[in-house]
Amino acid sequence: MNTQPLQLGAVLYPGFEMLDYFGPLELFSVVGSSLVNINTVAQESGPVAAAIGSEGAIGPRVIADYGFDDAPAFDILLVPGGSGTLTELENPAMLDFLRAQSKTAQWVSSVCTGSALLAKAGLLDGLQATSNKQVFAIATMQSDKVDWVEAARWVEDGKFFTSSGVSAGMDMSLAMIEKLFGSEAAEMAASYTEYTWHRDANNDPFADELNVLAKQLGMV
């Protein structure tokens, strides 16, 4: 029996969304370091600035433990969204890193427009996935080989978990914790953080945002 903790690699890039990142990491941290060891990774090790608000202004910096070139193989990969996604979609180093890590990772997860990066890397081809409803088109434009699910809090397909916008990443993470470590561990993490866990992956209260945006664009 393998008693080593799972290695979680949380990807950083300039302009990442803070709750996309720290919401899931807080929940995994509650599980305990004996089960999950959290690592931060970016193209280069060192400080990486988050985004603030919808304008994507430069926010606080987070230290990346590893660069892409010296990162170990992770068991769990977490890819956040954020305003910086648009730049990273054209970054071969990011896409190559995601492809390489996804080959060996047991689980690959994304929050918000993180699924756009996975799609651009070709990792979601033939799978179901979702993304933030307010910027859903950013994800869907990256691949027509993905079965994009409009009404979903999160989607699990094989080893890939993709969630809707921002706080949905916490619901997805609790579902992952339940799958990996059991319902008691997930319940404990939700209770410790005083978070109301939305357990139904198909209950997406923000799916109507797509219809609103379509009407604003004159599409319906």
### Message
With a 3.5 Å distance limit and no angle check, can you tell me whether D171 reaches the backbone of H198 through a side-chain donor-acceptor pair?
### Response
yes
### Query
Within a radius of less than 6.0 Å around CZ of F206, do more than 12 heavy atoms belonging to other residues, nucleotides or ligands occur?
no
### Query
Heavy-atom count around D200 CG within 6.0 Å, excluding the residue itself: above 12?
yes
### Task
Give a yes or no answer on whether the side chain of E17 reaches the backbone of V166 with a donor-acceptor pair at less than 3.5 Å.
no
#### Entry: N/O donor-acceptor pair under 3.5 Å between S143 side chain and T140 backbone
no
### Query
Quick one: do V41 and L25 end up in the same hydrophobic cluster if we chain Ile, Leu, Val, Met, Phe, Trp and Tyr together by side-chain heavy atoms under 4.5 Å apart?
yes
#### Entry: side chain to side chain contact (heavy atoms under 4.5 Å, CB included) between L6 and F181, worked out
CA-CA 11 Å; L6 295 175; F181 308 113; 3.8 Å; yes
### Message
Can you give me the closest heavy-atom contact between D157 and Q128, atom names plus distance?
### Response
OD2-N, 2.8 Å
#### Entry: Contacts of type salt bridge (Lys or Arg N to Asp or Glu O under 4.0 Å), residue K179, not counting sequence neighbours
E156
### Message
Nearest 0.5 angstrom please: Q7 CD to I76 CD1, how far?
### Response
9.5 Å
### Separation between CE of M176 and CZ of F161, rounded to the nearest 0.5 Å
5.5 Å
### Query
Ignoring hydrogens and geometry, is there a side-chain-to-backbone donor-acceptor pair from T162 to T130 under 3.5 Å?
yes
### Task
Apply side chain to side chain contact (heavy atoms under 4.5 Å, CB included) to the pair V108 and L118, showing each step before the final yes or no.
CA-CA 9 Å; V108 179; L118 295 179; 4.0 Å; yes
### Task
Kindly assign one of parallel, tilted or perpendicular to the pair F68 and F97, based on the angle between their ring planes and the thresholds 30° and 60°.
parallel
### Task
Working to the nearest 0.5 Å, report the span between OG1 of T193 and CG of L174.
6.5 Å
#### Entry: Any donor-acceptor N/O pair, Q101 side chain to P72 backbone, under 3.5 Å
yes
### Message
Please tell me whether L86 and F16 are part of a single hydrophobic cluster in this structure, the criterion being side-chain heavy atoms less than 4.5 Å apart.
### Response
yes
### Query
Which one of S164, S167, S163 satisfies the side chain to side chain donor-acceptor pair (under 3.5 Å) criterion with R153?
S167
### Backbone of S173 reached by a side-chain donor or acceptor of W154 within 3.5 Å
no
### Atom pair CE/CD1 of M18 and I52 - distance to nearest 0.5 Å
5.5 Å
### Query
For M188, what are the other residues in its hydrophobic cluster, where any two members join if their side-chain heavy atoms are less than 4.5 angstrom apart?
V30, Y192
#### Entry: Contact summary for S102 and L77, nearest pair of heavy atoms
OG-CD2, 4.2 Å
### Task
Give a yes-or-no answer on whether the side chains of T113 and T85 include a donor-acceptor pair shorter than 3.5 Å.
yes
### Query
T40 and Y21: side chain to side chain contact (heavy atoms under 4.5 Å, CB included), yes or no, with the steps?
CA-CA 10 Å; T40 55; Y21 198 75; 3.3 Å; yes
### Query
Just how far is it from atom CG of N39 to atom OH of Y66, taken to the nearest 0.5 Å?
5.0 Å
### Message
For the CG atom of L123 and the OG atom of S110, what is their distance to the nearest 0.5 Å?
### Response
10.5 Å
Using a 3.5 Å cut-off and no angle test, enumerate the donor-acceptor pairs between side-chain atoms of residues 88-96 and protein atoms at least two apart in sequence or in another chain.
residue	atom	partner	partner atom	Å
E88	OE1	N91	ND2	2.9
E90	OE2	K120	NZ	3.3
N91	OD1	A93	N	3.1
N91	ND2	Q43	OE1	2.9
D96	OD1	R99	NH1	2.8

### Query
Do D147 side-chain atoms and L127 backbone N/O form a donor-acceptor pair below 3.5 Å?
no
### Task
Consider only side-chain heavy atoms of I, L, V, M, F, W and Y, link residues closer than 4.5 Å, and tell whether I38 and V48 are in one cluster.
yes
### Query
Between L19 and M170, is a side chain to side chain contact (heavy atoms under 4.5 Å, CB included) present by the stated rule, with each step listed?
CA-CA 9 Å; L19 187 58; M170 298 180 70; 4.2 Å; yes
### Message
Taking S131's backbone N and O only, do any of them form a donor-acceptor pair with K133's side chain (distance below 3.5 Å, no angle check)?
### Response
yes
### Query
Above 12 or not: heavy atoms from other molecules or residues under 6.0 Å from NZ of K145?
no
### Task
Mark yes or no for whether T104, through its side chain, and D75, through its backbone, hold a donor-acceptor pair below 3.5 Å.
no
#### Entry: Donor-acceptor under 3.5 Å (Y13 side chain, G81 main chain)
yes
